[in-house]
Amino acid sequence: MCSCEEPRRGWGRCAPSPMLLLSLLLSAAPLGLRGEDARQVSLEVIPDPTGPPENLLHIRAVGSNSTLHYVWSSLGPPAVVLVATNTSHSTLSVNWSCLLSPEPAGGLVVHPEDSVQFSSALVFTRLFEFDSTNTSDEAAEPPGKPYPPYSLAEWSWNNVTDSLDPATLSTTFRGHPIHDPIGAFANGSLAFRVQAFSGSGRPAQPPRLLHTADTCQLEVALVGAVPRGNRSLFRLEVATLGQGPDCPSLREHHSIDDEYAPAVFQLDQLLWGSLPSGFMQWRPVAFSQKQGGRESSLPCQVSPLYPTLAYLPQSPIVRAFFGSQNNFCAFNLTFGTSAGPGYWDQHYLSWSMLLGVGFPPMDALSPLVLGIMAVALGAPGLVLLAGGLFLLLGPKRYSEYQPIN
Ligand SMILES: *[C@@H]1O[C@H](CO)[C@@H](O)[C@H](O)[C@H]1NC(C)=O
Ligand SMILES: *[C@@H]1O[C@H](CO)[C@@H](O)[C@H](O)[C@H]1NC(C)=O
Ligand SMILES: *[C@@H]1O[C@H](CO)[C@@H](O)[C@H](O)[C@H]1NC(C)=O
Ligand SMILES: *[C@@H]1O[C@H](CO)[C@@H](O)[C@H](O)[C@H]1NC(C)=O
Ligand SMILES: *[C@@H]1O[C@H](CO)[C@@H](O)[C@H](O)[C@H]1NC(C)=O
Ligand SMILES: *[C@@H]1O[C@H](CO)[C@@H](O)[C@H](O)[C@H]1NC(C)=O
Ligand SMILES: *[C@@H]1O[C@H](CO)[C@@H](O)[C@H](O)[C@H]1NC(C)=O
Ligand SMILES: *[C@@H]1O[C@H](CO)[C@@H](O)[C@H](O)[C@H]1NC(C)=O
């Protein structure tokens, strides 16, 4: 990236500046992954003209030189297919008879096919529940007595058209198990609230993740379901498609700033390739109350990613777009510890993440923290400065050589 034509001048001259590095990275990045400041976003629930209605949500985010397609569906387990293209004209076509057939490959296509710069998918496969009553070790695995898991492929979901809100570019997939012998979900649900953005900003609710027009937010909320244990912990299993043979990589970013997410100094990221590529980003925190705050925050632990061959349950939309590709990787997100707070407080649990392409949004230090730093670094600086001035300008009492008799 940096060729030294005249080595004698020293390497300092040819060390690329961060701006140069960034511009080199950007010029090397495929057009569809460069990111754009603003996009024209539309949400459409695509109907099946012949069969029974199914939830298939298409979010199309058009920029000047690129289009992002997010296809969310509760056909099978809840899943999203993410496709980035290098043109503002790409479109999604759905062949329902193919999508609903046992061989759905080709049922979802983005045209023109050679405009696709990046594509991947997430599948939310299972919800686990553990009773942590007798668990004192917070790192114990499993974190408590396991109950039979809920397979999200065998759930029934509401009509997303009913909650579609063009003003906030959002909608909610709300579901409950089809077979629920003890009626745990009689008054409860698991909700996937999906929101797209036409520009950058930050929601009012913690963890207040910084979003851009290149991202889509998912909030997962478990509300009102009767837990099977007295101190139930929940775990969500997520499967994704790797790019090539390797699993996406997990990265943790640390910061001294918790202005937007109190007491959380970490940002976790799943990256599908070297940047810019696709990413999933979240703060390792969940909330046990709707008004998320420090008192109701619980840790969200992520497990390592493992390749899983022929992952079950399969998502029809993922197979429709990717065919029989089977380089799936999966991981678990575990919410809370036996120490609490927990779901048992208010029968409420929520967690959010961003999904996007390009460079993941990064918080700059917040004005508050910059102010605190200026004061903290400034005070000793002022003392030093005052001391220096005193020595220079003060009475020269000790400065003269005084011979000792
Ligand atoms: C959702 O509701 C709309 C109208 O409100 C209807 O046209 C569509 O068929 C329904 N879809 C499902 C999945 O029930
Ligand atoms: C889009 O492409 C045009 C022509 O190649 C270029 O001038 C413009 O800067 C690009 N816009 C963005 C947002 O990348
Ligand atoms: C849709 O898929 C079916 C096979 O499932 C195929 O016979 C049909 O031609 C396809 N329709 C279009 C418009 O491509
Ligand atoms: C989009 O990318 C393809 C290759 O992936 C390339 O052939 C095509 O020229 C690109 N289009 C634009 C508008 O950059
Ligand atoms: C916790 O331990 C007590 C006493 O050993 C036992 O009776 C109870 O079933 C245990 N509960 C769970 C959830 O493991
Ligand atoms: C669900 O709510 C109804 C009415 O509020 C109540 O009668 C019923 O006991 C609740 N069921 C469960 C399982 O909590
Ligand atoms: C929950 O706690 C109550 C009272 O402490 C106890 O009677 C009950 O057996 C416990 N339930 C489970 C599932 O551990
Ligand atoms: C997630 O956790 C469950 C329960 O502990 C386990 O059976 C499953 O294999 C885990 N999945 C992954 C991908 O680690």
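Indexing begins at 1, ligand by ligand and atom by atom, following the structure's order. Heads up: numbering here begins at 1 and tracks the sequence. Predicted model, so just to flag it, every value in this text is computed and none were measured.
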Trainee: Which residue and atom name correspond to the protein heavy atom nearest atom 11 (N) of ligand 1, and how close is it?
Mentor: Asn159 ND2, 2.8 Å
Trainee: Nearest to atom 3 (C) of ligand 4, what protein heavy atom do you find, and at what distance?
Mentor: Asp114 O, 3.4 Å
Trainee: Is there a donor in the side chain of Thr85 and an acceptor in the side chain of Ser90, or the other way round, less than 3.5 Å apart?
Mentor: yes
Trainee: Go through ligand 4 atom by atom and flag the ones less than 4.0 Å from a non-hydrogen atom of Gln117.
Mentor: 1 (C), 2 (O), 5 (O)
Trainee: Find all atoms of ligand 1 within a distance of less than 4.0 Å from any non-hydrogen atom belonging to Thr161, and give their numbers and elements.
Mentor: 1 (C)
Trainee: Please lay out, stage by stage, how Leu68 and Asp214 fare under the test side-chain contact (heavy atoms from CB on, under 4.5 Å).
Mentor: CA-CA 7 Å; Leu68 308 181; Asp214 304 322; 4.2 Å; yes
Trainee: Kindly state whether the ring of Tyr348 and the ring of Tyr343 have centres lying under 6.0 angstrom apart.
Mentor: no
Trainee: Assert yes or no for the condition that the ring centre distance of Tyr150 to Phe128 is strictly below 6.0 Å.
Mentor: no
Trainee: Strictly inside 4.0 angstrom of atom 8 (C) of ligand 5, do you find any protein heavy atom?
Mentor: yes
Trainee: My question is simple, although I want it checked carefully: is atom 5 (O) of ligand 5 less than 4.0 angstrom from any protein heavy atom?
Mentor: no
Trainee: What protein heavy atom sits nearest atom 1 (C) of ligand 5, and how far off is it?
Mentor: Asn134 ND2, 1.5 Å
Trainee: Please confirm whether Phe192 and Trp72 have ring centers closer than 6.0 angstrom.
Mentor: no
Trainee: Please list the nearest protein heavy atom to atom 14 (O) of ligand 4 with its residue and the distance rounded to 0.1 Å.
Mentor: Asn86 ND2, 3.4 Å
Trainee: Can you tell me the protein heavy atom closest to atom 13 (C) of ligand 1 and the distance?
Mentor: Pro53 CB, 3.3 Å
Trainee: Where do Thr240 and Ala121 come nearest, in terms of heavy atoms and distance?
Mentor: OG1-O, 2.8 Å
Trainee: Please name the pair of heavy atoms, one in Leu267 and one in Pro361, separated by the smallest distance, quoted to 0.1 Å.
Mentor: CD2-O, 4.4 Å
